[in-house]
Amino acid sequence: IADDKGQWKRDYPDHGRIFVKDLQMGLRWLKANVKNFGGDPSRITVSGESAGSISTFYLMAKYNHDENGNQLFQRAIPMSGAEISCSRADYTNALHGSALSKALELTTGKDFSDMNGFEKLDALQKATEDELKAVLMVPLEKVRAAGINAKSLILSDNNIVFDLFMRPLAEGCEGDPDSTKYAVAGTNVYDTIATTPHAVDLLTGTVGNEARYWAFSMYMYPPSPAEHPLDFFYHGYLPMTFARCIDALPAKEGEDLASFVGGCASKDSPFHEADDDNPNLNLGYGDLWGKTEILSELQFRQPQIRLAENYSTNAAARAANKKCYMYIFEKGQVLPAKPWARAMHASELPYFFNHPYFTDYGPLNRSLMDRFGDMIISFVKDGVPKYRTNDGDAKTETPTEYRVKTDDVVKVPRSTIIIRDLEPNAEAENGNCTIEEVADPHRERRRLLMPVSKALPPGMF
């Protein structure tokens, strides 16, 4: 740590944006050289899934330009990953550092009161393994009682857990990490998407059952051999995550989320899942999948919808006739040993990359793979994801743009392309799959959860 805590900012002015600057540099090289490989620099498409989707949105929002201000790419396909803010990385890390250093004070008797945020983080790095183990056992209430605002920390049996976020810092927001200005200042991706002058054609979406991936992961790799594979997911991970969200929400939205979570066992709940009623599919955990769907909505679909909504109002995109489309990729019961897995996170990737030998997600439907691939190629070429509804169809359908109300457009339906692979119990070789357009799928879930999603502070997931 330099004596002058501002020196590192002068030495590393892009410290909060290194990874996205790396992506931007790669795109600059690509645009300058793609002709040498037979490519078209006017049809460059950026795509990514999960963290790659978040990176794609960052590039769209602020980094789609070279050193002369010229646009780098013309299409974007962010898949199953959105982000609330790119302005809180240092603030959140310093907040956690303050909480952890306070816990270190409580367990060791050391006094860090005269240290700035960077010095506190440095002290934590120098702590011994035993000291850090003790830190992680300090109840969060003791840290809060000591005056540290630790609401955004993940809870694990009400103890502190390291959770340092890696998000690009908005330009102009570098400074003293003890300052709360990071919570309110800087560039919000949702707002920037709506105003970025470097407009692209956008195709974005999610899979049908995103969060079942984490159930699948914990089923395959439980926290300990002695535990039932899903005990931690149902009794630990899900309630821990919802408690963290509720704790960080304003009172009304927190109460609403608690009500949605507590009520999803009822068949009248819009979050209830049919699999919850099937002992072979709910694995003995009752409302497991209803709760998982709420997590899927909050962590993936709701933020993705917000970004599509905001981008659909972008004046530069409208003026340049750039289009915005949404999709949902759905699957039936395709994993023989785990029929509940369905369209979990990343399950569309083998279809996107036309990879028929990718078997982790069960039998692959080659006919849908071909049609989905044609849809992606159509979007890359012309900015419109035209598709064939059924296998063997010669005619392609042109989907309606995803658009919400703007000053000059009254209403275009929240049209979503549903890519549906395999109905329950269907065989892959039968080609039982469709691509179709649906207006506002899961409308009630969107309507109820969007206020909660909008009220969540940055860095919740």
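Since this is a predicted model, take the numbers as computed values, not measurements.
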Next on the checklist: Distance check, rounded to the nearest 0.5 Å: Tyr351 atom OH versus Asp370 atom CG?
Outcome noted: 11.0 Å

Checklist entry - So do Pro270 and Phe260 actually touch side chain to side chain, heavy atoms under 4.5 Å? => result no

Item to check | Approximate separation, where rounding is to 0.5 Å, of Thr195 OG1 and Lys62 NZ | outcome: 8.5 Å

Item to check | side chain to side chain contact (heavy atoms under 4.5 Å, CB included) evaluation trace for Tyr285 with His235 | outcome: CA-CA 10 Å; Tyr285 288 88; His235 294 294; 4.1 Å; yes

Checklist entry - Partners of Pro441 by side-chain contact (heavy atoms from CB on, under 4.5 Å), sequence neighbours excluded? => result Arg301, Ile328, Thr416, Ile418, Val438

Checklist entry - Does Tyr387 reach the main-chain N or O of Pro399 with its side chain, forming a donor-acceptor pair under 3.5 Å? => result no

Next on the checklist: Donor-acceptor check, side chain of Asn365 to backbone of Leu368, threshold 3.5 angstrom: yes or no?
Outcome noted: yes

Item to check | salt bridge (Lys or Arg N to Asp or Glu O under 4.0 Å) assessment of Glu255 paired with Lys252 | outcome: CA-CA 5 Å; Glu255 290 170 4; Lys252 169 65 168 61; over 6 Å; no

Checklist entry - Can you tell if the side chain of Met369 reaches within under 4.5 Å of the side chain of Phe372, non-hydrogen atoms only? => result no

Checklist entry - Do Asp421 side-chain atoms and Phe329 backbone N/O form a donor-acceptor pair below 3.5 Å? => result no

Item to check | Test side chain to side chain contact (heavy atoms under 4.5 Å, CB included) applied to Lys323 and Asn321, step by step | outcome: CA-CA 6 Å; Lys323 300 178 177 9; Asn321 197 30; 3.1 Å; yes

Item to check | Lys/Arg N to Asp/Glu carboxylate O, Lys331 vs Glu348, below 4.0 Å | outcome: no

Item to check | Between CG on residue Asp22 and CD on residue Gln24, distance to nearest 0.5 Å | outcome: 10.0 Å

Checklist entry - In chain order, what residues pass the salt bridge (charged side-chain N to carboxylate O under 4.0 Å, His left out) check against Glu273, with sequence neighbours excluded? => result Arg212, Arg445

Checklist entry - Which heavy-atom pair separates Thr196 from Ile193 by the least distance, and what is that distance? => result CG2-O, 3.6 Å

Checklist entry - Is any side-chain heavy atom of His355 less than 4.5 Å from a side-chain heavy atom of Leu349? => result no

Item to check | Exercise: identify the closest heavy-atom pair between Ile77 and Thr56 | outcome: N-CG2, 4.5 Å

Item to check | For the student: nearest non-hydrogen atoms of Phe73 and Asn64, plus distance | outcome: N-OD1, 2.9 Å

Checklist outcome for this item: With sequence neighbours left out, the residues meeting side chain to side chain donor-acceptor pair (under 3.5 Å) with Glu49 are His345

Next on the checklist: side chain to side chain contact (heavy atoms under 4.5 Å, CB included), that's the test. Do Ser47 and Met79 meet it? Break it down for me.
Outcome noted: CA-CA 7 Å; Ser47 181; Met79 307 159 67; 3.6 Å; yes

Item to check | Nearest non-hydrogen partners of Cys264 and Val261, listed with the distance | outcome: SG-O, 3.3 Å

Checklist outcome for this item: Heavy-atom closest pair (Trp289 atom, Trp340 atom, distance to 0.1 Å) is CH2-CE3, 3.3 Å

Checklist entry - With a 4.5 Å limit on heavy-atom distance, are the side chains of Lys454 and Tyr190 in contact? => result no

Next on the checklist: Going by side-chain contact (heavy atoms from CB on, under 4.5 Å), name the residues that satisfy it together with Pro41, two or more places apart in sequence or in a different chain.
Outcome noted: Lys31, Val34, Lys35

Next on the checklist: To the nearest 0.5 Å, what is the distance between CD1 on Ile54 and CG on Leu59?
Outcome noted: 12.5 Å

Checklist entry - When you check the side-chain N and O atoms of Glu401 and Ser312, is any donor under 3.5 Å from an acceptor? => result no

Next on the checklist: Quick check against the 3.5 Å criterion: does Gln71 have a side-chain atom that pairs as donor or acceptor with the backbone of Ala199?
Outcome noted: yes

Checklist entry - Donor-acceptor pair, Glu437 side chain versus Thr400 backbone, under 3.5 Å? => result yes

Item to check | Closest non-hydrogen atom pair between Pro78 and Thr204, with its separation | outcome: O-OG1, 2.9 Å

Next on the checklist: Show, in sequence, the C-alpha distance, side-chain angles and deciding distance for Val46 and Gln74, and conclude whether the side chain to side chain contact (heavy atoms under 4.5 Å, CB included) test is met.
Outcome noted: CA-CA 8 Å; Val46 173; Gln74 292 71 40; over 6 Å; no

Checklist entry - Does a side-chain N-to-carboxylate-O contact under 4.0 Å join Glu309 and Arg306? => result no

Item to check | N/O donor-acceptor pair under 3.5 Å between Glu210 side chain and Val207 backbone | outcome: yes

Next on the checklist: Any non-hydrogen side-chain atom of Met60 less than 4.5 Å from a side-chain atom of Leu202?
Outcome noted: yes

Can you give the donor-acceptor pairs under 3.5 Å from side chains of residues 373-384 to other protein atoms, not counting sequence neighbours?
| unit_1 | atom_1 | unit_2 | atom_2 | d |
| --- | --- | --- | --- | --- |
| Asp374 | OD2 | Arg388 | NH2 | 3.0 |
| Ser378 | OG | Val384 | O | 2.5 |
| Ser378 | OG | Lys386 | N | 3.3 |

Checklist outcome for this item: Distance col, row Phe233:CZ vs Lys291:NZ, nearest 0.5 angstrom, shows 10.5 Å

Item to check | Gap separating the OG atom of Ser80 from the OH atom of Tyr213, nearest 0.5 angstrom | outcome: 12.0 Å

Item to check | Side-chain touch Ile417/Tyr402, heavy atoms, less than 4.5 angstrom | outcome: no

Checklist outcome for this item: Residues at least two apart in sequence or cross-chain that pass side-chain contact (heavy atoms from CB on, under 4.5 Å) with His272, listed by chain then number, are Lys267, Ser269, Asp276, Asp277

Item to check | Beyond-backbone contact of Leu238 with Leu288, side-chain heavy atoms, under 4.5 angstrom | outcome: yes

Next on the checklist: Counting C-beta onward and ignoring hydrogens, is there a side-chain heavy-atom pair between Arg414 and Ile305 closer than 4.5 Å?
Outcome noted: yes

